[in-house]
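Report on the following structure.
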Amino acid sequence: MSQVDTTPEAALPLTEERLAGTPSLAPYAGPAGGWGALKSVGRQLARSGAPLTGVRALLAMNQADGFDCPGCAWGDPTHGAAFEFCENGAKAVAWEATAKRAGRDFFARHTVSELLGWDDCRLEAQGRLVEPLCYDAATDRYRPIGWDAAFALIAERLAGLDDPDRALFYTSGRASNEAAYLYQLFVRLFGTNNFPDCSNMCHEASGLGMMASLGVSKGTVRLEDFEATDAIFVLGQNPGTNHPRMLGDLRRAAERGATIVAINPLRERGLERFADPQRKVEMLHAGSHPIAGHYVQPRLGGDMALLRGLAKALFARQAAGTFTPDRAFIEAHTRGYTAWREAVQACDWATLEAQAGVDREEMERLAEIYADAPRVIITWAMGITQHEHSVATVREIINLLLLGGHIGRVGAGACPVRGHSNVQGDRTMGIDETAPTWLLEALEARYGVPMPRDPGLNTKGALQALEAGEAEVFIGLGGNFARATPDTPRTEAALRCAGLTVQISTKLNRSHLITGREALILPCLGRSEIDRQGPEGRSQRISVEDSMSAVHASAGRLTPASPELRSEPAIVAGIAAATLARVLPRRGIDPGVVDWAALVADYDRIRDEIAAVIPGFADFNARLAAPRGFVLDNPARQRDFLTATGRAEFAAGALPEAVMHQRLAGRPGWLTLQTLRSHDQYNTTVYGYDDRYRGVKGQRRVLFVNPDDLARLGLRAGDWVDLLGEPYQGEEQGERRGEPRRAPAFRLVAYDTPPGCCAAYYPETNALMPLERVGEGSDTPVAKAVAVQLVPSRRLA
Ligand SMILES: Nc1nc2c(c(=O)[nH]1)N[C@H]1C(S)=C(S)[C@@H](COP(=O)(O)OP(=O)(O)OC[C@H]3O[C@@H](n4cnc5c(=O)[nH]c(N)nc54)[C@H](O)[C@@H]3O)O[C@H]1N2
Ligand SMILES: Nc1nc2c(c(=O)[nH]1)N[C@H]1C(S)=C(S)[C@@H](COP(=O)(O)OP(=O)(O)OC[C@H]3O[C@@H](n4cnc5c(=O)[nH]c(N)nc54)[C@H](O)[C@@H]3O)O[C@H]1N2
Ligand SMILES: [Mo]
């Protein structure tokens with residue numbers, strides 16, 4: 001094993017810089033959006049060193065002929081607003097359009113061991129990567145390598161494996177449809193379905209739950225439905241930070257008189273008031289508009305009980321004649337209604353109240369809102385999916401929608417709000433470790449090569465395989481695998497067991513520093529940049545799919561950060577051509593089955609392949625030419641349910657026996673921790689140390705705790721604590737076995753969160769998440785209910 005120190009402390013370097021920021025904590029009184037948002041955009045553009053480039057990029061963002069915002073996956077309007085961007089989208093673009101470069105001189109100056117002591121913000125702040133790099137173990141430095149030499153090295157290592165299942169192919173959700181299609185095609189021709197991806201950590205439960213209930217894995221609403229709805233329930237989501245453009249749609253709905261209900265343990269500013277930076281009058285008069293008329297604060301993981309309570313209250317109203325289920329819909333289109341109704345009735349109020357952390361009257365009030373609304377939308381994100389019982393909770397959301405016939409009706413439906421800007425599209429393109437048979441058959445029909453049938457490894461499985469020494473090669477198409485995954489010290493040790501790690505990236509991050517015996521960094525174009533291909537150097541478009549299944553084109557406008565950069569499709573094709581030329585002939589297959597160079601020379605040709613293989617994409621190129629692209633069909637919208645029975649399925653699963661906050665109630669000193677995003681980060685990319693709407697400035701190492709818990713634990717706001725988690729277990733834990741997981745040095749902040757429930761930022765807290773603690777049926781790491789104990793900080797007491 002390697003010499004590198006993989007203790008938890010080392011995995012989370014506490015540099016002086018990291019701790020220097022004295023947090024100033026003041027409640028934020030303003031609305032979300034507003035002048036604060038515009039000021040922040042200006043600061044980000046100035047800091048990137050390329051303000052003019054940045055402004056030019058912003059003007060092209062989310063326009064019909066511009067590029068898709070690399071921020072979130074909220075839908076783009078098909079009409080109206082000529083100016084679609086938000087503060088955090090602006091940060092994402094400024095981050096990519098920076099004038100700073102991490103070139104060969106940078107890597108000559110710094111050893112990898114030295115860089116391991118830098119935090120996430122400082123690593124990415126070095127600017128864009130400009131040329132392919134190869135790790136040199138002798139000098140502990142990255143040095144330049146040519147593209148062809150890099151592809152040849154990867155090909156040699158992949159071809160040298162005795163089993164293709166010993167390679168792992170990670171995808172982060174920013175990859176375009178074109179890159180993702182080529183990637184899955186290459187990997188399957190190579191011979192494996194090992195596609196761990198960021199979805200495994202994100203909306204996996206939404207896809208699985210909806211598939212079981214509705215026969216589709218995608219949301220059933222379109223953006224227009226927000227204009228027609230009467231009530232929107234926003235569960236486990238912080239749109240003010242993570243989907244700011246959604247606030248515009250919520251606000252318009254609120255102005256029209258629709259009721260908006262926020263269900264969230266934390267008081268999130270963005271769900272309370274919003275001033276639209278795109279409205280001049282509002283900005284001039286410092287006005288703002290209330291968003292959520294009702295704000296309910298369950299305990300972490302209490303949503304299933306809350307939703308059951310809501311249903312129970314609806315059945316009580318039915319008996320009293322103040323609510324009628326949509327009987328015609330239920331009879332014509334669903335199955336399992338009676339069993340579900342009985343399961344709901346069997347739950348007693350005391351049990352529901354204890355698990356939800358919400359009293360009966362509040363659930364009854366929600367039932368009243370639901371009963372009074374002819375059209376209901378339910379939206380959700382990570383506060384629902386990153387839990388132990390997430391699939392069951394998603395199914396409970398669907399149960400509730402089915403009860404009132406809110407599927408397949410204008411202004412109503414299920415809306416899982418996706419994270420990465422093309423995470424939904426990547427799945428559509430076949431980035432899926434449990435590939436459906438139809439996809440494998442379609443690929444076989446098109447290319448005449450047998451596809452691997454065994455399910456591949458997901459994110460959790462990939463880490464376990466690395467840990468067990470069963471995986472040799474790791475390739476990451478974007479993302480930051482080492483930081484995004486749970487159990488940081490274990491993850492890092494596991495990645496170091498690999499023979500070769502390859503990261504296709506735009507900026508330096510910690511995953512580049514956690515190397516296998518050999519390591520490559522392959523720098524790629526960002527979405528805002530012009531992508532020229534083919535002999536004539538024609539600029540190419542890519543395509544993406546948003547949360548509402550709208551597929552549209554995206555074409556970069558900026559000059560690439562370096563002439564050496566290649567596009568993601570070109571890099572995937574380079575790896576594929578070099579590898580398959582070695583591997584396929586051994587299986588008696590002509591490697592010419594796919595002409596990789598020709599596909600990359602003109603992305604229209606990749607789209608022709610997609611059109612031939614992926615349902616819904618017929619005439620892809622022609623339909624993509626429409627100004628706003630096209631919307632993929634969702635059969636559930638027509639009440640056509642592609643389940644085994646042809647009906648939507650009510651799920652009558654039992655309420656969880658106990659969720660984390662209940663299990664910890666008997667253990668004094670323990671709290672349930674949710675790990676979430678600050679306003680100044682994009683997942684593992686940390687732009688800065690402020691979290692404006694939560695009133696935090698200059699520090700990320702903060703823990704939001706209920707004031708009564710602080711008093712009970714004998715702690716005060718401002719104190720520094722270390723967080724201890726569950727002890728490491730299992731043989732593979734070696735010396736760590738029996739030791740508690742640790743994340744040191746967090747400053748306490750008194751905050752409006754339910755008792756027993758606290759919050760801190762990801763990825764600093766990932767070291768506290770046991771890899772084995774995953775969602776039932778989804779394998780999603782439980783990021784929103786982590787057991788922690790607070791102890792006075794050893795370092796900063
Ligand atoms: N600017 C910016 N935009 C982003 C991202 C980013 O990092 N920065 N990330 C992108 C990605 S990949 C994703 S997946 C999305 C994430 O978008 P969100 O899901 O909004 O992200 P989180 O910060 O994880 O916030 C989770 C929210 O759920 C609440 N919550 C936690 N536990 C529970 C619970 O048990 N019940 C309920 N009802 N609520 C709960 C939290 O209080 C918090 O408000 O955003 C995407 N957009
Ligand atoms: N504790 C905890 N852990 C979590 C979560 C949580 O809420 N709590 N959330 C989970 C979720 S929802 C997600 S989606 C994952 C995110 O996991 P990932 O998708 O793996 O992580 P990101 O931070 O989005 O990846 C950032 C890196 O992507 C690279 N990058 C940026 N743009 C591009 C591009 O255009 N092309 C390429 N090739 N690379 C690019 C940059 O080098 C950057 O450093 O994290 C998960 N982990
Ligand atoms: Mo995500």
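Whatever order the structure lists ligands and atoms in, that order sets their numbers, starting from 1.
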So, for [X] and [Y], which heavy atoms are closest and what is the spacing to 0.1 Å?
X	Y	value
Ala519	Tyr142	CB-OH, 3.6 Å
Leu525	Pro560	CD2-CB, 3.5 Å
Pro132	Leu522	CB-CD2, 4.2 Å
Val782	Glu388	CG2-N, 3.7 Å

Have a look at [options] and point out the one with the heavy atom closest to [atom].
atom	options	result
atom 37 (C) of ligand 1	Pro265, Gly419, Gly479	Pro265
atom 32 (N) of ligand 1	Asn264, Leu300, Leu676	Leu300
atom 44 (O) of ligand 2	Arg483, His512, Glu124, Glu96	Glu124
atom 8 (N) of ligand 1	Met304, Met201, Arg677, Gln681	Gln681
atom 5 (C) of ligand 1	Tyr682, Tyr761, Phe233	Tyr682
atom 15 (C) of ligand 1	His243, Arg299, His679, Arg174	His243

Any side-chain heavy-atom pair of [X] and [Y] under 4.5 Å:
X	Y	value
Gln297	Glu362	no
Tyr687	Asn88	no
Cys202	Thr780	no

Please tell me whether [X] and [Y] have a donor and an acceptor in their side chains that are separated by less than 3.5 angstrom.
X	Y	result
Tyr693	Asn238	no
His512	Ser505	yes
Ser678	Arg700	yes
Gln540	Ser567	no
Asn177	Ser543	yes
Thr241	His679	yes
Asp303	Trp380	no

- Query: Within 45° of the axis and under 6.0 Å from the centre of the six-membered ring of Tyr295, does NZ or CZ of Arg267 qualify?
  - Reply: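 Geometry flag: set, cation within 6.0 Å and 45°.
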
Residue-level breakdown please: for [X] versus ligand 2, do any non-hydrogen atoms fall below 4.0 Å on the side chain, on the backbone, on both, or on neither?
X	answer
Met769	side chain
Trp95	side chain
Thr684	both
Cys524	side chain

Shortest protein heavy-atom distance from [atom], along with the residue and atom involved:
atom	value
atom 47 (N) of ligand 1	Asn242 O, 2.9 Å
atom 38 (N) of ligand 1	Asp303 OD2, 2.8 Å
atom 2 (C) of ligand 2	Tyr762 CD1, 3.2 Å
atom 20 (O) of ligand 2	Tyr170 OH, 2.6 Å
atom 30 (N) of ligand 1	Gly383 CA, 3.5 Å

Are any of the N or O atoms of [X] closer than 3.5 Å to those of ligand 1?
X	result
His420	no
Asn238	yes
Pro239	no
Leu235	no
Pro298	no

Within a distance under 4.0 Å of any heavy atom of [X], pick out the atoms of ligand 1 and give their elements.
X	answer
Thr241	1 (N), 2 (C), 3 (N)
Glu268	42 (O), 43 (C), 44 (O)
Gly301	34 (C), 35 (O)
His387	32 (N), 33 (C), 34 (C), 35 (O)
Asn88	1 (N)
Cys202	14 (S)
Met382	14 (S), 16 (C), 19 (O), 24 (O)
Leu266	42 (O)

- Lys784 touching ligand 2 at heavy-atom level, < 4.0 angstrom: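 Lys784 counts as a contact of ligand 2 under the 4.0 Å cut-off.
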
- Message: If the contact criterion is a heavy-atom separation under 4.0 Å, does Asn766 count as touching ligand 2?
- Response: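 It does, in that a heavy atom of Asn766 comes within the 4.0 Å cut-off of ligand 2.
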
- In terms of side-chain geometry, is the basic nitrogen of Glu772 or Lys460 positioned less than 4.0 Å from the acidic oxygen of its partner?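 Salt bridge between Glu772 and Lys460, a charged N being under 4.0 Å from a carboxylate O: no.
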
- Query: Is a donor on one side and an acceptor on the other found under 3.5 Å between the side chain of Asp426 and the backbone of Val423?
  - Reply: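 A pair under 3.5 Å: no.
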
- Message: Any nitrogen or oxygen of Thr765, side chain or backbone, less than 3.5 Å from one on ligand 2?
- Response: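 Among all N and O atoms of Thr765, none is under 3.5 Å from an N or O of ligand 2.
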
